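Everything below concerns the one structure shown next.
Chain A is the first sequence line, chain B the second, and so forth, proteins listed ahead of strands; every chain is numbered from 1. Note that the structure is a prediction, hence the values are computed from the model and not measured.
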Amino acid sequence: MRILVSIDDTDNLESRGTGEIASLLAKLLEEREWGKAQVITRHQLLVHPDIPYTSHNSAMCFAAEIKEQHFEEYLQLARQFLATESAPGSDPGLCVIVLEQLKNELELKEFAFKAKKIVLNKEEAYEVAAKTGAYLSEHGGEGIGVIGALAGAGLRLSGNDGRLRGRLKVNAPTGLITSGEIKQQSGVEVVQSTEGQMIADDELIYLGETVKAVMLGGRTTLLVFPNETEDAKWQTCTKNYLKRF
Amino acid sequence: MWKVNEKGEKVFSLGKEAWQEAVEAASVCLHFNLDDDDELVSEEERSCYNCRYRRWIPESFICLK
């Protein structure tokens, strides 16, 4: 079966980040050979004085394939893990969705995109979770992380939000590499310009310091923009540009 | 570069796009601590914009140190 696992508000200023916790949750699944996790995406939620986030208010989510007979066990393990590994003072929330059982998908996505624009509350999150069949749980503090956790799952489901955790692993000693080679080395599915133009596999790209992918159209995507030198027509985007995802 | 808000918090008064000033502020800060890689937004690593102790607010960030 296919699942989404999303978490929010697991950290404090001095602890490891929510991304690392998500990575450990994915590892728990794979170490037991219960399933295979895909990339982790980071989803930016609303920054607002009424929301008690740690420093940036983002949720982390990954999709995974899991053997059906291990689902319940994994769900319990993930809940226990979040309760014990989240930082003191945090308000962790966990959302797990079985995609084959998902109902009212549109409502989930609407909730998710609203969480980027307006302040939502726990009651609204639980209401949407009940309608969609999402497993939503709190694991300490005020538990308000359930709002972001549910939103993170909806945003990942949309396929059009978030940037991938970590940097793409690309080896190009000269800094120049073809689009096709980037895809082959890193596993990124698409290389396209910020204006939406697909970059052919034989086109050269200049790699900047940051080589990070985003989720667009349901595919992991490396965005590039026109480069002004003669060596390559394209170059990777800056961190500043990518922060909008 | 800094102002104090009604809660007594230290707010960076230049907003979210003052890249050079955020680098300058971090260069003299004793508390600078680089955040997780996924939260970095400035190309210049030592910048208040990349610091673990900055808390983003709608118009700028609060320094928590």
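- At least one donor-acceptor pair closer than 3.5 Å links the side chain of B:R55 to the backbone N or O of A:Y53.
- For chain B, the nearby part of A:L164 is the backbone; its heavy atoms alone come within less than 4.5 Å.
- For A:Y206, the OH atom sits in a loose shell: 12 or fewer heavy atoms of surrounding residues, nucleotides or ligands are nearer than 6.0 Å.
- Partner of B:D38 under the side chain to side chain donor-acceptor pair (under 3.5 Å) criterion, out of A:R163, A:R42, A:K212: A:K212 alone.
- In this structure, A:E142 places its CD atom where only 12 or fewer heavy-atom neighbours from other residues, nucleotides or ligands lie under 6.0 Å away.
- To the nearest 0.5 Å, atoms CD1 (B:I57) and CG (A:N57) are separated by 14.0 Å.
- Residue A:Q185 places its CD atom among more than 12 non-hydrogen atoms of other residues, nucleotides or ligands, all under 6.0 Å distant.
- A pairwise comparison of heavy atoms in B:R52 and A:S15 identifies NH1-O, 3.1 Å as the closest pair.
- How far CD of A:E20 is from CG of B:D36: 7.5 Å, rounded to the nearest 0.5 Å.
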Salt bridge (charged side-chain N to carboxylate O under 4.0 Å, His left out) assessment of B:E43 paired with A:K243
CA-CA 12 Å; B:E43 295 299 312; A:K243 73 179 182 179; over 6 Å; no
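- For B:I62, no part lies under 4.5 angstrom from a heavy atom of chain A.
- Annotation for A:E195: atom CD does not count as buried by contact number, only 12 or fewer foreign heavy atoms lying within 6.0 Å.
- For CD of A:Q80, the number of neighbouring non-hydrogen atoms (other residues, nucleotides, ligands) closer than 6.0 Å is 12 at most.
- Looking at A:T54, the atoms closer than 4.5 Å to chain B (heavy atoms on both sides) all sit in the backbone: N, CA, C or O.
- Taking every heavy atom of both residues into account, B:V41 and A:K239 meet most closely at O-CB, 3.5 Å.
- Of the two parts of A:Q44, neither the backbone nor the side chain holds a non-hydrogen atom closer than 4.5 Å to a non-hydrogen atom of chain B.
- Remark: B:L40 CG to A:L242 CG distance equals 11.5 Å, nearest 0.5 Å.
- The neighbour count for B:E17 CD, taken as heavy atoms of other residues, nucleotides or ligands under 6.0 Å away, is above 12.
- To the nearest 0.5 Å, the span separating CG on A:N240 from OH on B:Y49 amounts to 9.0 Å.
- Proximity of a side-chain donor or acceptor of B:E39 to a complementary backbone N or O of A:H56 within less than 3.5 Å is not detected.
- In the displayed structure, B:E45 atom CD is contacted under 6.0 Å by at most 12 heavy atoms of other residues, nucleotides or ligands.
- With chain B as partner, the option from A:T238, A:I51, A:V47 having the largest number of non-hydrogen pairs under 4.5 angstrom is A:V47.
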